[in-house]
Protein chains: 2
Amino acid sequence: MAQITPQLSMRIGELSTRTGVSVRSLRYYEEQGLLASIRSESGQRHYGESAVERVAFIQLLYTAGLSSKTILDVLPCSYAPSEQTSDAAADRMAVERDRLSTHIDDLLRTRDTLDELIKINRAHRATL
Amino acid sequence: MAQITPQLSMRIGELSTRTGVSVRSLRYYEEQGLLASIRSESGQRHYGESAVERVAFIQLLYTAGLSSKTILDVLPCSYAPSEQTSDAAADRMAVERDRLSTHIDDLLRTRDTLDELIKINRAHRATL
DNA sequence: TTTGCCTCTCACATGGATGTCAGCTTTTAG
DNA sequence: CTAAAAGCTGACATCCATGTGAGAGGCAAA
């Protein structure tokens with residue numbers, strides 16, 4: 001009989017090392033329902049290979065300014081698409097996509113402004 | 001003799017209304033050295049027209065994820081370029097510009113990923 | 001077995017912008 | 001003149017991802 005779950009040998013320290021995310025944060029993700037683990041008899045967390053990618057994605061969404069609550073709405077459907085989640089998730093993703101686009105526009109404007117300032121600064125320095 | 005400073009009639013409430021930034025935050029900006037005001041005899045803050053634009057810019061930088069400390073490094077030189085500020089500011093702006101570019105790239109990647117998820121979600125829903 | 005590292009839970013600390021409340025003074029409108 | 005609205009300072013509260021430390025148990029190599 002084949003293993004249902006392939007190597008669950010990874011413990012939290014290794015996952016931390018491989019993702020660059022602190023152990024503390026990984027536990028926090030679990031607490032928020034973003035990251036599942038299988039517990040050994042003694043209570044230690046074990047993860048499969050896929051956890052690495054999942055953590056990376058969580059990080060990406062955090063970087064994009066989503067809260068853990070929002071990530072929770074969006075993330076599950078990418079792993080376990082189901083009727084239950086897909087409706088709410090679709091809305092949520094659309095909303096976040098818009099928010100993200102707006103934010104990107106803001107940042108682009110800010111960068112342009114910064115470039116202006118840099119140019120002005122350079123011009124000013126040239127006159128010294 | 002002409003007025004050195006044109007209308008300084010704006011009080012904090014009006015500035016708040018016109019910028020959409022809370023009174024609390026405007027006081028905080030002042031505390032951080034980002035926004036100057038002229039105090040009346042009784043201690044009330046008064047601002048010139050230019051404050052509106054300045055606050056908008058501060059907001060823009062906050063939105064871009066700069067801290068007030070960093071904004072302080074960058075902002076003054078756009079208003080009062082001087083030898084003192086221009087060197088540090090030039091460095092700071094370059095650093096922030098890079099950080100901003102990286103962040104923008106992250107966000108673009110995230111948006112792409114989100115678009116992927118939305119597409120997958122839609123495909124999934126179509127099969128119901 | 002002993003040593004050393006890893007993990008566990010619980011809980012408190014942090015930072016940064018902003019909210020909020022209290023108590024008081026100033027300004028403005030009726 | 002009086003009351004409402006707006007300002008002032010100071011201090012404490014909040015959110016949220018993380019850091020950090022304590023105290024205890026788990027696991028592998030010597």
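Here is how names work: the chains are called A, B, and so on, in the same order as the sequence lines, proteins then strands, and each is numbered from 1.
Each end of the helix from dT1(C)-dA30(D) to dG30(C)-dC1(D) yields a helix axis from five base pairs, and these two axes differ in direction by 10° (to the nearest 10 degrees).
Residues of residues 24-34 of chain B having a heavy atom closer than 4.0 Å to DNA chain C, listed by number: Arg24(B), Ser25(B), Tyr28(B), Tyr29(B).
Salt-bridge annotation for Glu31(B) and Arg24(B): absent, with no side-chain N of the basic residue lying under 4.0 Å from a carboxylate O of the acidic one. In summary, Arg54(B) and Glu49(B) do not engage in a salt bridge, as defined by a charged side-chain N under 4.0 Å from a carboxylate O.
Nearest-nucleotide mapping onto DNA chain C: of Ser68(B) and Arg39(A), the residue sitting toward the 5' end is Arg39(A).
Within the 3.5 Å criterion, the main-chain N or O of Leu66(B) finds no donor-acceptor partner in the side chain of Thr70(B). Judged by distance alone, the side chain of Thr19(B) and the main-chain N or O of Leu15(B) form a donor-acceptor pair under 3.5 Å. Side chain of Ser25(B) to main chain of Val21(B): no donor-acceptor pair is present (N/O by atom type, distance under 3.5 Å, no hydrogens or angles).
Remark: Tyr29(A) pairs with Tyr62(A) by the ring pair (Phe, Tyr, Trp, His ring centres under 6.0 Å) rule, at least two apart or across chains. Residues meeting the side-chain contact (heavy atoms from CB on, under 4.5 Å) test with Val23(A), sequence neighbours left out: Ile12(A), Ser16(A), Arg27(A). Qualifying salt bridge (Lys or Arg N to Asp or Glu O under 4.0 Å) partners for Arg97(B), counting only residues two or more places apart in sequence or in other chains: Asp115(A). Every side-chain contact (heavy atoms from CB on, under 4.5 Å) that Gln32(A) has, sequence neighbours left out, goes to Tyr28(A), Leu34(A), Ser68(A). Residues meeting the salt bridge (Lys or Arg N to Asp or Glu O under 4.0 Å) test with Asp106(B), sequence neighbours left out: Arg109(B). In this structure, the side-chain contact (heavy atoms from CB on, under 4.5 Å) partners of Glu116(B), at least two apart in sequence or on a different chain, are Lys119(B). By the side-chain contact (heavy atoms from CB on, under 4.5 Å) test, Thr17(A) pairs with no residue at all, sequence neighbours left out. In terms of the side-chain hydrogen bond (donor to acceptor under 3.5 Å, both in side chains) criterion, residue partners of Arg99(B) (sequence neighbours excluded) are, by chain and number, Glu96(B).
If you walk DNA chain C from 5' to 3' and mark each nucleotide with an atom closer than 4.0 Å to a heavy atom of chain A, the marks span dT7(C) to dA11(C).
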Item to check | Heavy-atom protein contacts under 4.0 Å, nucleotides 21-26 of chain D, coded B base, S sugar-phosphate only, - none | outcome: -----S
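Arg11(B) has its CZ atom 5 Å from the P atom of dG7(D), to the nearest Å. If you measure from atom CD1 of Ile12(A) to atom P of dT18(D), you get 13 Å, rounded to the nearest angstrom.
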